[in-house]
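For clarity, every value in this text was computed on a predicted model and none was experimentally measured. Throughout, protein chains are lettered first and strands after them, A, B, ... in sequence-line order, and every chain is numbered starting at 1. When reading the values below, keep in mind they use all heavy atoms of this one structure, side chains included, and skip hydrogens, waters and symmetry mates.
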There are 2 protein chains.
Amino acid sequence: MTGGGPSSNNSSQPEEVCLVCSDISTGYHYGVPSCNGCKTFFRRTIMKNQTFSCQFQGKCPVDKSIRCACRHCRFEKCLQVGMDRNAIQQNRDPIGYTKRTRRYPPIKKVEASDECSPAMVSENDRSEDNFLTLLSSTEQKCCALRLAEYMPSRTLIEAVVSDCLLTDEVFMAEHAILSPRHRVTSLRFANQSDYHYWHERDWFVMIEWAKTLPVFQSLPFTDKLALLRHSAITYPSLVHVFNPPDHGLDTIVFPDGAYFDRTPEPTRPLGFNKKKYQMLDQLLKPMRSMEIDMTEFAAFKAIFFLNPDADDVDSNAKKTLSDGRSAITNALYRYMVKKKGAEDAGDRFGRLLLLGTVLATMAVEMKEAVLVADFFDQIQFSTFAKQLLFGIKTE
Amino acid sequence: MTGGGPSSNNSSQPEEVCLVCSDISTGYHYGVPSCNGCKTFFRRTIMKNQTFSCQFQGKCPVDKSIRCACRHCRFEKCLQVGMDRNAIQQNRDPIGYTKRTRRYPPIKKVEASDECSPAMVSENDRSEDNFLTLLSSTEQKCCALRLAEYMPSRTLIEAVVSDCLLTDEVFMAEHAILSPRHRVTSLRFANQSDYHYWHERDWFVMIEWAKTLPVFQSLPFTDKLALLRHSAITYPSLVHVFNPPDHGLDTIVFPDGAYFDRTPEPTRPLGFNKKKYQMLDQLLKPMRSMEIDMTEFAAFKAIFFLNPDADDVDSNAKKTLSDGRSAITNALYRYMVKKKGAEDAGDRFGRLLLLGTVLATMAVEMKEAVLVADFFDQIQFSTFAKQLLFGIKTE
DNA sequence: CGTCTCGGGTCAAAGGTCGA
DNA sequence: GTCGACCTTTGACCCGAGAC
């Protein structure tokens, strides 16, 4: 370049700056280093012979981010830094025009990443984001399956090794249809068999859901069991809390109209009531207050399911789980930034992850077999559920 | 072919369609082909910072004919199809037609922009950030006190109600000096009395530390006890893990040279070894790998100490705790953004908060008195420690 | 004859308006 | 108050004259 090249300058001053708004300058315009916007703004104002008036006191700051806020002050600033109105050429021969291409090519640049860097979203980020989308759509299928009539009778081992139903299009088309029994016709206080019924359904769906997770698929069989066991109590709770029907901050209604709330049930064991309050106060209320959407819920469920610190998980699996979890965490965070803006995302993300402590607490407490018994009373579980909750005989 | 009009393309593709409501698109808005209505709706929602909630299940269809039926679902759809909130600009100068104009509130604009504008931080943010700085300096005092000789003998109640030593300049100047006993001269495998000794010291410091927290100060006495009890096991663990001397990813060395690592100790109870592994594998390794600094540690400790879900915390205190915790969470997040950049902050923040699940697990498991006994064997605690771990007699 | 700069023109996509 | 058809304004990008 010839020595005076605008950008070659000194290394310390890589870009010249618009004297009007401090944006990056595109060269000298009307005698002043300025950006494209201020250049065009000045020309237009002169050409159209416009006058503006300031809504305030004629002292508005003019900055890249707010340069459009007050045209009067922007134009004043243009003059003040020395833009020369005589450099405007009133009439010129018209020039040919060309059709321009879309400003937004199919790929969106998104992600606010400041202009300085290449700003390309990394390949890795993109695949994590795609996975989040996938998780969300899987979640919808889970909802459908949960409300269907279909309910297999099988052992835990059979459930884990069998092909995944959620990804079986034929099966889903045929069976994943709302059962008439799973519609709210009237509310009634939930009894023991309601709890049983929905827990069995949720465990069934849980395993089908788990089998869609690549990280889960890659684990050895015993680690799969360990994770499932670890989530046996928390998974259904999460599902009950998140899924409709939503009856406010202190009532959980099952899809068939059975419900429970903070009403104490003195005839039940202490452990039962404690569990109930915990779920309502520590999970239901915060989750509903946050108005978590399906994508966030799907991510949340997966993050806490893929727990490297779950009991009996082999140490070889910890790294896999930890990485899988991170991928989802990061995608979730980016999702929240997009949805709520960077400012609120931090708070929201923090709140959601802190709910993990509640889940962890529930998971540990319910490991005490006595509490399980309290919670579910003396009613018999299916073989499947017994194996899930209490382990497989051979152990 | 550039020759064709912008949208006339081929006759087969006459109109582009709004990805939100399937109405006719008027072009790309906020990154997405969309109609005028959805465009304006999106802008207004962001500008006014509105939140909607769905009356149904958050799955309302959004279509030209019914797009106004559920604003929550319409906005969700906008986000889902990829409308970019970063494309929203600041308020512009009104282009007066005839009547007066409406202005939106200042709008918040944060993120990446950093360098350009003063980016006025909100008053609230600033005070949260200041508090974080304070936490960090308090943490340094805690370290000093921990390594001092001074060790009071008092009951739990006396400890909680007495004036805070950490903020007593005179006391600190006189007593917070490194004791010769708390220097590593040589390493030796930790025995039972080493555990005891350091736990007693850490409990002592914990209470002095807690008394510096305004939120803690504002609580009723019984809630203070509940929080302290809840952190009785996890607080010392955190301190052991974070504080020097750092001997790598699987050894904890107390300041006086007593150490422990993954060496199994078959003569000890099972609970003891389990606890040890948990601490080393689930806390020490992740925390040291992350290279947490003192500010982050200080915030982390406070976030998990101020646990609204701790046992026996009165429901009136939950809100206070929750807010106090949020303030720190937010400040911590902003700190990480400043330190690591917006990109890495999400990941780091997530990792740190997820450690909360480990803490929660430890806290619950150790509540079983039998585990406490296992861990500490049969050696006698001080009155103070007994009250802390097992409760005060009157209960 | 390049090629760099700085004039002006263009139009997709921002934001604003106001009757329904 | 919200909605959205219909405005104005913005600015990234283009063309071309003139200087080197």
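The shortest distance between the side-chain N/O atoms of Y28(A) and the OP1/OP2 oxygens of dC4(C) is not below 4.0 Å. Here R92(B) does not reach the OP1 or OP2 of dA14(C): none of its side-chain N or O atoms lies under 4.0 Å away. In this model, the phosphate group of dG15(C) is approached by a side-chain N or O of Y30(B) to a distance below 4.0 Å at OP1 or OP2. For dT9(D), the OP1/OP2 oxygens have a side-chain nitrogen or oxygen of Q50(A) closer than 4.0 Å. A close approach under 4.0 Å does occur between a side-chain nitrogen or oxygen of R67(B) and OP1 or OP2 of dG4(D). For N36(B) and dC3(D), the shortest distance from a side-chain N or O to OP1 or OP2 is not below 4.0 Å.
Ranking dG11(D), dT9(D), dC3(D) by closeness to the F41(B) side chain, first place goes to dC3(D). Side-chain atoms of Q89(A) lie closest to dG8(C) of the nucleotides dG8(C), dG11(D), dG4(D). Listed nucleotides dG4(D), dG7(C), dT10(C) differ in distance to R74(B); the shortest reach to its side chain belongs to dG4(D). Of all nucleotides listed (dG4(D), dG11(D), dG7(C)), dG4(D) comes nearest to the side chain of R44(B).
At a threshold of 4.0 angstrom between heavy atoms, the contacts of R71(A) are confined to the sugar-phosphate backbone, with no base atom among them. Across all strands, K48(A) comes closer than 4.0 Å only to sugar-phosphate atoms, never to a base (heavy-atom distances). R43(A) comes within 4.0 angstrom of a nucleotide base, judged by non-hydrogen atoms across all strands.
Under the side chain to side chain donor-acceptor pair (under 3.5 Å) criterion, S22(A) pairs with no residue at all, not counting sequence neighbours. Remark: E296(A) pairs with R348(A) by the side chain to side chain donor-acceptor pair (under 3.5 Å) rule, at least two apart or across chains.
M47(B) places its CE atom 10 Å from the C1' atom of dG16(C), with the value rounded to the nearest Å. The CD1 atom of I66(A) sits 16 Å away from the C1' atom of dT10(D) (whole-angstrom rounding). Atom CD1 in I95(B) sits roughly 6 Å away from atom P in dT9(D) (whole-Å rounding). Computed from coordinates, the K39(A) NZ to dC14(D) P distance equals 12 Å when rounded to whole Å.
Between M83(B) and L19(B) there is no side-chain heavy-atom pair separated by less than 4.5 Å.
Of the residues in residues 78-87 of chain A, none lies under 4.0 Å from DNA chain D by heavy-atom distance.
Ring-centre distance between F254(A) and Y259(A): not below the 6.0 Å cut-off.
Between the side chains of D293(A) and Y335(A), at least one donor N or O lies within less than 3.5 Å of an accepting N or O.
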